[in-house]
Amino acid sequence: MAIPLLTFPERRLHDQRWVIDAAIVIIVAGTITWEYVMKPIVAESGSAYSEATVALGYPLLDLVLLTTLVATLFASGGRFSARALVLTAAAAAQVITDAVYTYAVTTVGYDNVGNPLELGWIAAYLLLAICFVLPSDARARSSSARPSLVGLVLPYAAGLPLGALLIAGAVEGRPSMVLLSGAVAVVALVGSRQFLTLRDNLSLLIQAANYDSLTGMANRRLFEEDAGRHLRRHRDAGGAALVLLGLDDLKAVNDSLGHRAGDEVITKVAQVLSEFFSSGARPARLGGDEFTVLLQGADIGEAEAVARRLLETLRRRPVVIEGRIIPITASAGIALRPEHGTTLGELLGHADLAMDEAKTAGGNDVRVYDPGRGGQALSESRLLWKQRIGEALERDLFVLYGQPIVELASGQTREYEILLRLPDDEGQLMAPGAFLGVAERFGLIHGIDRWVLRQAIRLIATHQRQGSDIRLAVNLSGKAFEDSDLLHFVEDELRSAAIDPAQLTLEVTETAAIADLDRALKFIRSLRRLGCRFALDDFGVGFSSLHHLKHLPVDYLKIDGSFIRQLPYDAVDQQLVQGIVALARALGRQTIAEFVQDEETVRLLREFGVEYGQGFYLGRPEPVAMLPAGDRLSAKAA
């Protein structure tokens, strides 16, 4: 029984299933070996019944011991920690000593007084004792939340031979009370294990529904349930303050170090919050980089003081990632009940507006909601934008413009980049910067990605039917790789439109591709196998690892416009652009320069070896309906 407890130390207090599994293996192995090995030998032995039983019991129980050890270690996934190795040594000492003892008893006899063989058992028990004081393996603890398939099947598979032998004996008219007793015990243990499994599964479902998987904190659902219940129960019993906390510049951490680093920051913040509110109020993670807490009975002064102490605590607890010290700053918004609202929805909305005000002011600050500062108007404006974007997606109200991308060597237009616009109430076209942030906040950005992709593919198909040679490239949003079904969507649209996939070029930003590299690689490789092309947009501003960049199978590097605007006048930009061109050639990629504004820039780009250029000097955007037939086309959702 000690074997599963020692091999799975993190389960010792709260999961009895491994103990039950060990008991099942022991009962099955012991019952079968007694019935078919020990009992016949004892019956035919000339020795005393008790003496023969004891002598044979040692090696047969060792068989049970080894069976349990092997099965348990195998179920653990082969994690042979120091504890497991010492446990194996203890079992080996026990088995060897028992084998020598059995040989001595059955041949020359055994003298109990001062026999050196006793040292073997002492060594086995000492090693077993050492196992209990050795520290457990942290990696095993973190990865043992789910037992392996072997661990799940083991108790049932172990009982099958016993059941088969019992049935076979009954059919042959030789029922065995030993096998029957063992089978009854195994059925009882399996039933107990099923009950524990059902209990644990229900607990896991409750945990997943109410707690954040990354931090272990209460999630939005549980917070809204608890806070809403409290506000209703204490409607007339004093005020409360809702503090909403949003991290500053978490996107920069994700973009430069990857989402795993961002997760470490979020986990650290959750730890600080849990320690800060160790009693009384219970903080929750609403999602992303936002946390909240309801302070019962707090007035404006108390709530603001608590929020400022919390921000200072976070600032003093930076995170160290890959040798870099990442400071943690946050912005906090406060809404009071009943001054700013009586329902949880009102308090959250107003605290969100106050938090945005703190971020706009530079971050690392606290703001209390003030209706006089236009917060209500801002809230209504956001909801209006959400409604407007949703309506544009449903009714195809977005407008696509095309801007030429020119081959610098020949001066000919090879393709167009299509820019997304949204008409306002007066019919004026708004650039994406006015509405994409709202689309991301309300979860509409994936719909915009898909709308532009669908329109681009249909536009290719339309020109194809007219005999035009057209190629489109769609620039996806930074959230595109979070859309798990986007790959299948593109494949289905291409198949439905029956176009040549080589006519479609997809553009992804450098930071988005590196931040979610695994998904990006799967997405890019899958569509390139179909024939699509890829461009890495905004290249040069993401500080990507060259190792990662080397493995991104893109066709073009689009040099960010920040390196092009002042190219004729900035020697540093000139050196950087030449370096990017050299890198692109080494990787087998072509280059496209954005924001080309004059002839001198074109001359330098040609001199440096840049293949394509784009900018007002080379061509202004115009509606896609006015694009010359026969030219190639590209589309961008930005």
Side-chain angles (χ1 to χ4, degrees), residues 398-421 432 449 451-477 480 490 493-494 497 499-510 524 527-528 530-539 553-561 564 580-581 584 588-597 601-602 605-606 609-638:
F398 287 110
V399 177
L400 295 179
Y401 269 57
Q403 185 176 25
I405 296 178
V406 175
E407 185 180 44
L408 297 178
S410 64
Q412 296 181 356
T413 299
R414 295 299 185 185
E415 58 186 1
Y416 287 83
E417 178 179 358
I418 292 181
L419 309 173
L420 187 67
R421 299 291 183 260
D449 279 332
W451 187 90
V452 177
L453 278 165
R454 182 181 292 113
Q455 297 302 319
I457 293 173
R458 289 177 179 177
L459 190 57
I460 292 175
T462 298
H463 280 262
Q464 183 174 279
R465 288 193 296 269
Q466 297 172 353
S468 301
D469 181 20
I470 296 175
R471 186 181 69 198
L472 278 93
V474 176
N475 188 321
L476 302 174
S477 74
V490 177
E493 289 292 325
L494 289 171
I499 67 171
D500 180 2
Q503 295 175 277
L504 180 66
T505 301
L506 300 174
E507 296 184 11
V508 295
T509 64
E510 177 188 6
I524 294 173
L527 290 181
R528 285 189 96 241
L530 294 179
C532 296
R533 300 173 185 269
F534 276 84
L536 201 58
D537 199 14
D538 299 337
F539 184 78
V554 298
D555 301 280
Y556 306 99
L557 301 182
K558 294 196 72 173
I559 305 173
D560 188 73
I564 306 300
I580 292 174
V581 172
R589 322 291 197 240
Q590 291 184 305
T591 49
I592 303 172
E594 299 178 305
F595 291 91
V596 178
Q597 303 183 78
T601 300
V602 172
L605 291 173
R606 288 173 180 160
V610 176
E611 287 87 359
Y612 301 98
Q614 174 186 358
F616 279 9
Y617 178 77
L618 299 173
R620 291 181 175 272
E622 54 184 333
V624 293
M626 300 175 60
L627 297 179
D631 284 334
R632 294 186 179 180
L633 198 65
S634 86
K636 181 175 181 177

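Keep in mind it's a predicted model, so treat the numbers as computed, not measured.
When every heavy atom of F616 is checked against every heavy atom of P621, the shortest pair comes out as CE1-CD, 3.7 Å. A pairwise comparison of heavy atoms in G619 and P404 identifies CA-CG, 3.5 Å as the closest pair. Nearest heavy-atom pair, A593 versus L605, reported as atom, atom and distance to 0.1 Å: CB-CD1, 3.6 Å. Counting all heavy atoms, side chain and backbone alike, T509 lies closest to D538 at CG2-OD2, 3.8 Å. Scanning both residues, R414 and Y612, for their nearest heavy atoms gives CG-CE2, 4.0 Å. For the residue pair Q403 and L419, the shortest heavy atom distance occurs at OE1-CD1, 4.2 Å.
With contacts defined as side-chain heavy-atom distances shorter than 4.5 Å, the pair V602/Y617 qualifies. Residues V474 and I457 form no side-chain contact, since every pair of their non-hydrogen atoms from C-beta on lies 4.5 Å or further apart.
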side-chain contact (heavy atoms from CB on, under 4.5 Å) between D555 and T505, worked out:
CA-CA 9 Å; D555 301 280; T505 301; over 6 Å; no
Start with the C-alpha gap between W451 and L400, add the side-chain angles, then the distance that decides, and say whether side-chain contact (heavy atoms from CB on, under 4.5 Å) holds.
CA-CA 11 Å; W451 187 90; L400 295 179; 4.0 Å; yes
Run the side-chain contact (heavy atoms from CB on, under 4.5 Å) test on L504 and L530 for me, step by step, so that the C-alpha distance in whole Å, both residues' side-chain angles and the decisive distance to 0.1 Å come before the verdict.
CA-CA 10 Å; L504 180 66; L530 294 179; over 6 Å; no
Set out, in order, the CA-CA distance, both residues' side-chain angles and the distance that settles side-chain contact (heavy atoms from CB on, under 4.5 Å) for H463 and Q503, then state yes or no.
CA-CA 11 Å; H463 280 262; Q503 295 175 277; over 6 Å; no
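Residues satisfying the side-chain hydrogen bond (donor to acceptor under 3.5 Å, both in side chains) test with E611, not counting sequence neighbours, are T591.
Taken from CG in L472 to CD in Q455, the straight-line distance is 11.0 Å, to the nearest 0.5 Å. Residue L494 holds its CG atom at 8.0 Å from CD1 of I460, rounded to the nearest 0.5 Å. In this structure, CD1 in I405 is found 10.0 Å from CG in L618, a value given to the nearest 0.5 Å. To the nearest 0.5 angstrom, L453 atom CG is 11.5 Å from R458 atom CZ. A distance of 8.5 Å separates CE of M626 from OH of Y401, quoted to the nearest 0.5 Å. To the nearest 0.5 angstrom, K558 atom NZ is 11.0 Å from Y556 atom OH.
Partner of I559 under the side chain to side chain contact (heavy atoms under 4.5 Å, CB included) criterion, chosen from V610, I592, L536, D537: V610.
Listed for the R528 side chain is no donor-acceptor partner under 3.5 Å among the backbone atoms of F534. The backbone N or O of V554 lies less than 3.5 Å from a partner atom in the side chain of R589, making a donor-acceptor pair.
Salt-bridge annotation for E415 and R533: absent, with no side-chain N of the basic residue lying under 4.0 Å from a carboxylate O of the acidic one.
Side chains of S477 and D449: a donor-acceptor N/O pair is present below 3.5 angstrom, by distance only.
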